[in-house]
Amino acid sequence: MPATPRTHGCGELRPEHAGQTVILAGWVLRRRDLGALLFFDLRDRGGVVQVVCNQQTQPEVHALAEQLRSEYVVWLEGEVVRRAADTVNPSLATGAIEVVARRLLILNDARTPPFSLDSEAPASEDARLQYRFVDLRRPSMQRNLKLRHDLALAARRYFDAQGFLEIETPFLTRSTPEGARDYLVPSRVRPGEFYALPQSPQLFKQILMIGGCERYFQIVRCFRDEDLRADRQPEFTQIDVEMSFPTLPAIYDLIEGLLEAVFAAAGQTLARPFPRLSWQQAMLGYGSDKPDLRLPAMAELASLLPAAAREQLKLRAGQPVFLIRIPNVGELSRRERDELRPWAEGRPVKVFEDFARLEKSFPEFAASARAAAAAQAGDLLVLVGEPEGGALPAWELARQAGQLRLWLAQRFAARHGAFAAGAFRFCWVTEFPMFEWDAEEKRWNAAHHPFTAPREEDLPHLTSAPEKVYAQAYDVVLNGVELGSGSIRNHRAEAQARVFAALGMNDEEAHRRFGFFLEALRYGTPPHGGIALGLDRLVMILAGENSIREVIAFPKTASAADLMMRAPTPVSPRQLRELGLSLRAEEPRR
RNA sequence: GGGGACGUAGUUCAGCUGGUUAGAACGCCGGCCUGUCACGUCGGAGGUCGCGGGUUCGAGCCCCGUCGUCCCCGCCA
């Protein structure tokens with residue numbers, strides 16, 4: 001390659017560059033060979049420009065250009081020329097000009113790509129992951145990675161301006177059996193012992209607070225060996241935050257400011273302050289602890305439903321009745337109502353999707369229900385209750401209704417339009433229950449994590465009635481996606497020990513697992529609290545994607561494999577021996 | 001761990017009730033072409049129907065198993 005650097009990016013050339021000699025380098029997107037006249041589109045990271053090679057005026061360049069194929073890597077020197085009016089390509093940012101090639105070099109050839117690089121053209125997920133080095137060249141991947149960079153940069157600038165320090169924490173750390181399964185790393189120096197990759201830097205960031213760092217953040221990889229989803233990868237990135245001497249309003253304000261700054265980097269504005277819902281409000285109104293506020297809440301109508309009507313509808317006495325309202329969907333057709341039936345079948349709920357019929361039978365109830373839900377003409381109204389003989393807890397009934405709400409919202413998204421790109425509805429969900437009953441293990445689990453502080457006023461119930469204890473915890477939710485989760489922590493060793501006790505951990509066990517931490521708490525721990533936000537999900541939503549794989553350069557498949565590198569792999573017996581490991585069944589696959 | 005969808009040419013897909021030589025489009029290769037931009041046009045090559053077994057006179061199609069990809073439930077303190 002000549003020592004001359006590029007003078008321009010392909011995508012930045014405009015009519016005002018006409019007459020200039022430019023040096024470009026990039027990949028051949030497409031070639032259009034008209035015989036003695038040959039065009040090709042040259043692509044670099046910033047865009048695409050058309051290059052023209054004329055056999056008559058530049059025979060050597062033209063001859064070389066005839067060898068070009070898709071994804072060949074070329075260097076060229078040429079003149080920017082304004083196109084004749086009738087040959088302008090309005091669908092190309094650089095379509096008003098073209099580059100007349102004077103010198104051309106093929107820096108490298110390329111195999112035929114395994115799939116088209118047109119961003120619109122579909123390619124199978126496994127082909128894309130196996131040939132990620134090609135897939136990454138697609139405009140949508142380039143755009144998503146740039147967006148991710150912009151958001152991360154905005155976050156770092158914001159925290160810096162707020163006086164936060166980015167501090168790294170170890171990846172080789174200690175296994176904590178609670179929560180998600182750990183990825184384990186065997187120690188060679190200490191055979192039979194293992195590090196764990198962090199599920200989050202939770203204890204490190206709290207110890208940084210004890211260490212007087214006061215304001216910490218980190219954009220950090222976390223690892224959880226659990227089954228995957230479209231929005232879950234075994235390794236993912238968190239924007240992790242912790243501060244000393246916090247108040248709840250200060251944390252809300254800090255994080256809303258962060259999201260405002262991050263959205264600004266993506267050219268979006270958002271409304272502040274975010275609405276705050278208690279967990280109970282969220283469950284009752286949306287049937288979910290991550291409510292999607294783009295559509296109205298459900299109305300709970302038990303008190304409006306006359307006993308006679310409840311009896312006639314065969315609904316279980318004393319249970320809530322929910323009215324789902326989806327605006328602008330209108331009456332369902334017969335066929336659409338039929339689609340609903342399979343949804344309800346096999347679920348312990350009764351669905352009344354024909355509100356007009358209810359209206360005929362129970363005009364007064366229907367009128368008060370409409371009023372309670374603030375229903376407008378054109379709204380789809382669906383009533384959900386529990387059939388007689390059911391045994392659901394009220395919150396489970398609400399959850400079922402909430403799932404139907406989301407199903408309807410998705411099914412009729414085209415009609416209500418509330419899910420259009422660019423609609424961002426945030427909220428805080430607060431006042432979570434501190435504990436969840438684990439029916440299998442027959443014990444209480446921390447709903448958030450065991451370092452969360454209970455509300456002061458609930459402390460008396462900590463061991464006697466754990467179900468009455470609420471946590472000083474908060475989630476930030478965007479469009480029904482849990483973006484982040486945090487809490488005020490226990491900063492007194494006694495309080496922390498009482499939470500461990502409520503979780504059924506005796507002193508000895510607590511000390512074995514978290515002794516270092518309980519010890520640290522006794523050396524002047526300031527009140528502190530924080531939050532962690534999922535960067536991948538944030539980028540996914542802002543990019544309008546449905547999977548975080550689209551915003552991660554090298555993601556893994558649903559079975560946690562890297563199709564490009566082929567990981568994981570078996571390792572040699574020698575490696576195992578060195579680590580003091582032996583496999584229970586030595587059956588190398590394939 | 002469970003449920004569902006999918007697996008056929010390089011890619012995206014079609015392939016009827018099991019029936020003769022498995023198709024299309026795009027891509028690829030070659031010829032022609034001086035204003036194309038999804039160039040056009042003429043010709044051509046390209047298949048372990050994921051893999052293994054079974055049923056059958058006969059399997060891309062039916063059955064069993066297995067592998068892989070995606071989605072969901074469980075799981076994700």
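All values derive from a computational prediction rather than experimental measurement. By convention in this document, chain letters (A, B, ...) are assigned in the order of the sequence lines, proteins followed by strands, and residues within each chain are numbered from 1.
- B/C26 and B/A9 are spaced 12 Å apart, taking the C1' atom of each and rounding to whole Å.
- When the P atom of B/C75 is taken as reference, atom CG of A/Asp182 falls 18 Å away, rounded to whole Å.
- Of the candidates B/U36, B/C72, B/U69, the closest approach to any side-chain atom of A/Thr557 belongs to B/U69.
- Residues A/Phe223 and A/Phe236 keep their aromatic ring centres 6.0 Å or farther apart.
- In this structure, A/Lys556 and A/Gln202 both approach RNA chain B, and ranking their closest nucleotides by distance from the 5' end singles out A/Lys556.
- Taking atom CG on A/Leu92 and atom P on B/C39, their separation rounds to 12 Å, with Å as the unit.
- Between B/C6 and B/G10, the two P atoms lie 22 Å apart (nearest whole Å).
- Comparing the P positions of B/C42 and B/C49 gives an interatomic distance of 32 Å, to the nearest angstrom.
- One can find a donor-acceptor pair under 3.5 Å joining the base of B/C75 and the side-chain atoms of A/Arg232.
- No hydrogens or angles considered: nothing links the side chains of A/Gln233 and A/Asp536 as a donor-acceptor pair under 3.5 Å.
- Residue side chain A/Arg83 reaches the base of B/U36 through a donor-acceptor N/O pair under 3.5 Å, judged by distance alone.
- If you measure from atom OH of A/Tyr183 to atom C1' of B/C76, you get 12 Å, rounded to the nearest angstrom.
- Taking only distance into account, the side chain of A/Glu226 never meets the base of B/G74 through a donor-acceptor pair shorter than 3.5 Å.
- Using a 4.0 Å cut-off between charged side-chain N and carboxylate O, A/Glu386 and A/Arg347 make no salt bridge.
- Residue A/Gln55 is classed as having no contact, given no heavy-atom separation below 4.0 Å to the nucleic acid.
- Per the geometry, CG belonging to A/Asn89 stands 5 Å off C1' belonging to B/C37, to the nearest Å.
- The side chain of A/Ser547 lies closest to B/C71, out of B/C71, B/C76, B/G35.
- The base of B/C28 is not paired with the side chain of A/Arg111 by any donor and acceptor separated by under 3.5 Å.
- Remark: aromatic rings of A/Phe451 and A/Phe514 are close, center separation under 6.0 Å.
- With salt bridges taken as basic N to acidic carboxylate O contacts below 4.0 Å, one links A/Arg137 and A/Glu71.
- Under 4.0 Å is where a charged nitrogen must lie from a carboxylate oxygen, and between A/Glu125 and A/Arg549 at least one such pair does.
- Residue A/Leu563 is classed as a sugar-phosphate contact, given heavy-atom separations below 4.0 Å to backbone atoms only.
- When the shell of 6.0 Å around CZ of A/Arg111 is examined, it contains 12 or fewer heavy atoms from other residues, nucleotides or ligands.
- Atom CD of A/Glu71 and atom C1' of B/C28 are 15 Å apart (whole Å).
- Both A/Gly35 and A/Asp86 lie close to RNA chain B; mapped to their nearest nucleotides by heavy-atom distance, the more 5′-ward contact belongs to A/Gly35.
- A sub-4.0 Å separation between OP1 or OP2 of B/U36 and a side-chain N or O of A/Arg32 is absent.
- Looking at A/Arg489 and A/Ser487, their side chains do bring a donor and an acceptor atom within 3.5 Å of each other.
- Nucleotides B/G30 and B/G46 are separated by 14 Å at their C1' atoms, to the nearest Å.
- Comparing the P positions of B/C13 and B/C76 gives an interatomic distance of 35 Å, to the nearest angstrom.
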Distances under 3.5 Å only, N/O to N/O: pair up the protein atoms with those of nucleotides 29-31 of chain B.
| residue | atom | partner | partner atom | Å |
| --- | --- | --- | --- | --- |
| B/C29 | OP1 | A/Arg69 | NE | 2.8 |
| B/G30 | OP2 | A/Arg69 | NH2 | 3.2 |

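- With B/C76, B/U34, B/C37 as the candidates, the nucleotide lying closest to the side chain of A/Leu37 is B/U34.
- Closest to the side chain of A/Arg181, out of B/G35, B/C75, B/C37, is B/C75.
- Pairing for B/G40 goes to B/C32, judged as Watson-Crick or G-U wobble with the two contacts each under 3.5 Å.
- A sub-4.0 Å separation between OP1 or OP2 of B/C39 and a side-chain N or O of A/Arg30 is present.
- Taking atom CZ of A/Arg347 as the reference point, atom P of B/G3 lies 17 Å away to the nearest angstrom.
- Residues A/Thr169 and A/Gln218 bring a donor and an acceptor atom of their side chains to less than 3.5 Å of each other.
- If you take atom P in B/G50 and the same atom in B/A45, they sit 24 Å apart, rounded to whole Å.
- For A/Arg549, counting side-chain heavy atoms from C-beta on, the closest listed nucleotide (B/C70, B/G74, B/C76) is B/C70.
- Taking 4.0 angstrom as the limit, A/Ser559 places a side-chain polar atom (N or O) nearer than this to OP1 or OP2 of B/U69.
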| query | Could you run down nucleotides 6-13 of chain B 5' to 3' and tag each one B, S or - for protein heavy-atom contact under 4.0 Å? | reply | ----SSS-
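- Pairing partner, B/A5: B/U69, with both Watson-Crick or wobble hydrogen-bond distances short of 3.5 Å.
- Taking atom P in both B/U12 and B/U17, the straight-line distance is 26 Å, to the nearest Å.
- Among the protein residues, A/Ala558 comes within range of the sugar-phosphate backbone only, with heavy atoms under 4.0 Å from sugar or phosphate atoms but none that close to a base.
- Surrounding CZ of A/Arg455 are more than 12 heavy atoms belonging to other residues, nucleotides or ligands, all under 6.0 Å away.
- In this entry the distance linking CG of A/Asp41 with C1' of B/A38 reads 10 Å, nearest Å.
- For the pair A/Asn144 (side chain) and A/Glu550 (backbone), a donor-acceptor distance under 3.5 Å is present.
- The two residues A/Leu64 and A/Leu104 come nearest to each other via the heavy atoms CD2-O, 3.1 Å.
- Nucleic acid contact for A/Asp225: none, since no nucleic acid atom lies under 4.0 Å from a heavy atom of the residue.
- Between A/His17 and A/His8, a ring centre-to-centre spacing shorter than 6.0 Å is recorded.
- Separating the CG atom of A/Leu228 from the P atom of B/G68 is a distance of 14 Å, rounded to the nearest angstrom.
- The pairing partner recorded for B/C49 is none, the criterion being a Watson-Crick or G-U wobble arrangement whose two distances lie under 3.5 angstrom.
- In the displayed structure, A/Tyr131 atom OH is contacted under 6.0 Å by at most 12 heavy atoms of other residues, nucleotides or ligands.
- Candidate nucleotides B/C33, B/C75, B/C70 were compared by shortest atom distance to the side chain of A/Asp33, and B/C33 ranks first.
- Within the 4.0 Å cut-off from OP1 or OP2 of B/C73, at least one side-chain nitrogen or oxygen of A/Arg229 is found.
- The C1' atoms of B/G54 and B/G18 are separated by 15 Å, rounded to the nearest whole Å.
- Counting any heavy atom pair closer than 4.0 Å across all strands shown, A/Gln233 reaches no nucleic acid atom.
- Closest approach to the A/Leu34 side chain among B/C39, B/U69, B/C37 is made by B/C39 (side chain taken as heavy atoms from C-beta onward).
- With a cut-off of 3.5 Å on both Watson-Crick or G-U wobble distances, the partner of B/U12 is given as B/A24.
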